[in-house]
Amino acid sequence: MLNLRFIQENPELVVEKLKKKNFDASAIVSQISDLYKSKNEIQVKADQFKSEMNKLSKEIGQLFREGKQEEANQAKARTSELKDNIKQLDDDFAQIDEQVFALQVQLPNLPADIVPAGKTPEDNEVVKTGGEQPNLGADKLPHWELAEKYDLIDFELGVKLTGAGFPVYKGKGSRFQRALINFFLDEAQKAGYLEVQPPLVVNEDSGFGTGQLPDKEGQMYHITEDNLYLIPTAEVPVTNLYRDVILDAKQLPVKNTAYSACFRREAGSYGKDVRGLNRLHQFDKVEVVQVAHPDQSYAILDEMVAHVESLVKKLGLPYRILRLCGGDMSFTSALTYDFEVYSAAQEKWLEVSSVSNFESFQANRLKLRFREEGQKKPQVAHTLNGSALALPRIVAALLENYQTADGIKVPDVLVPYCGFDMIN
RNA sequence: GGAGAGAUGGCAGAGUGGUCGAAUGCGGCGGUCUUGAAAACCGUUGAUCUUCACGGAUCCGGGGGUUCGAAUCCCUCUCUCUCCGCCA
């Protein structure tokens with residue numbers, strides 16, 4: 001959520017910057033501007049009346065205490081008009097306030113200056129490519145066939161239990177998942193992140209805080225009976241740890257990591273893109289989250305990107321880092337880097353991580369602030385997060401890229417976590 | 001699932017119609033004292049909106065009502081805790 005005063009003071013800037021996200025903000029911004037002005041006028045007027053009312057009430061109290069009934073009753077008569085005025089102004093204010101808010105939440109975050117223009121994923125900018133693509137023979141298999149061949153993942157069984165997109169991991173497949181989770185958590189810890197285990201179900205306030213609500217309800221599983229939501233990512237509960245919090249500047253940056261299952265409805269997806277592990281309704285992910293000082297958030301974004309890069313490197317996967325174009329960025333992000341790994345049998349790039357700086361967009365919603373040493377007024381912090389990493393597509397790429405005639409080789413870094421070095 | 005209690009500042013906790021943005025204690029910050037620290041003592045210490053500023057307004061879980069006036073009374077919702085039942 002953009003700050004109201006900021007919108008008011010920089011209307012052209014907001015409109016101009018949002019063009020890069022292919023969002024025409026001109027109408028909304030000018031409406032906000034008008035409403036904000038009259039909102040302030042109303043508040044000033046209402047405050048004056050209220051001030052008078054407060055004074056009068058005190059006088060009346062004083063008169064009663066002094067036993068001056070007559071005068072008190074006379075004074076009382078004068079309050080009714082004030083009361084009507086206040087009521088009217090308060091109602092108007094509430095109405096305008098609601099309108100402004102409804103408009104305000106429609107505005108996406110402003111993209112950072114280095115965000116490339118563009119509309120589709122084709123316009124994303126490849127900023128780095130690393131790792132080596134393996135040379136697999138002609139008999140290479142896609143991961144869903146490997147998963148079946150070695151009895152690692154049972155998609156049919158998941159359909160029986162729940163539905164498509166809820167696979168059952170078995171034996172070494174299950175063990176392999178668990179190894180990756182532990183590896184990722186350990187790496188995050190080494191990088192200075194504090195591990196937390198959040199709830200997998202959150203309330204409406206939390207959904208609003210990170211930007212899933214309102215409007216993106218459809219992406220989350222909703223437990224209507226209790227009005228709770230299954231988390232689409234650990235970003236939601238972990239970032240919301242700091243909702244309504246004022247930190248000391250010296251506590252920044254806050255670094256948290258969490259493993260969680262993630263649940264996404266992903267309505268409307270179909271076809272070969274969702275084959276196997278490519279797109280699931282439930283999957284595992286290790287997330288890293290930081291709360292940062294605004295002066296440091298972009299340096300921290302780079303640090304987070306470097307951390308994710310170190311993970312794919314250690315796993316020996318060919319990867320590339322993309323700077324997302326305005327059209328492909330999320331509503332809430334100011335700058336996002338996506339990581340893709342090359343899936344050698346599917347012969348395509350799979351997105352495995354998304355690392356973003358939200359600047360103050362989430363923090364405004366969360367009321368997440370910090371106080372500079374010796375300063376009285378708190379200021380809004382910046383939030384960032386990234387996948388480090390999401391499991392399914394990493395598993396897909398590892399299975400495919402490490403397949404041999406004798407089975408699937410386990411990357412060296414994972415051997416101690418797995419307890420085996422070959423899947424066969 | 002049944003019964004009861006409660007929600008007040010960073011925390012604990014008083015306040016039950018006006019003098020209450022709120023006692024007191026703890027914690028935090030500043031100071032006196034000290035070689036330094038502790039102790040003791042003194043001072044200070046919520047957020048938001050609005051105004052160039054002085055100032056003004058709002059907030060005692062959320063919403064609504066009664067009243068000239070509500071943390072305090074009424075209605076309603078949400079949440080938390082305790083006991084019983086069930087249970088990993």
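Chain letters run A, B, ... following the sequence lines, proteins first and then strands; every chain starts at 1. Values in this document were obtained by computation on a predicted structure and should not be read as measured data. Computed from heavy atoms alone, side chains included, the values below leave out hydrogens, waters and symmetry copies.
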Touch class at under 4.0 angstrom, heavy-atom based, for [X] against every strand present:
X: A/Lys376; answer: sugar-phosphate
X: A/Leu56; answer: nothing
X: A/Asn54; answer: sugar-phosphate
X: A/Tyr36; answer: sugar-phosphate
X: A/Thr79; answer: sugar-phosphate

Taking the six-membered ring for Trp, are A/Phe331 and A/Phe361 parallel (under 30°), tilted (30 to 60°) or perpendicular (over 60°)? perpendicular
For residues A/Glu400 and A/His143, is any side-chain donor paired with an opposing acceptor at under 3.5 Å? yes
Within this structure, what is the CG-CG distance for the pair A/Leu180 and A/Leu315, rounded to the nearest 0.5 Å? 6.5 Å
Is the NZ or CZ atom of A/Arg175 both under 6.0 Å from the centre of the six-membered ring of A/Phe420 and within 45° of that ring's axis? no
State whether A/Tyr402 and A/Lys409 meet the cation-pi test: NZ (Lys) or CZ (Arg) under 6.0 Å from the six-membered ring centroid, and within 45° of the perpendicular axis. no
Its dot-bracket string being built from Watson-Crick and G-U pairs below 3.5 Å, with | for another strand and [ ] for crossing, RNA chain B has the pattern ((((((((.[[[..)..(.....]]]((((((.......))))))(((((....))))).[[[[[..)....]]]]])))))))....
Walk me through it: do A/Thr210 and A/Glu235 pass the test side-chain hydrogen bond (donor to acceptor under 3.5 Å, both in side chains)? CA-CA 8 Å; A/Thr210 32; A/Glu235 162 199 347; 5.0 Å; no
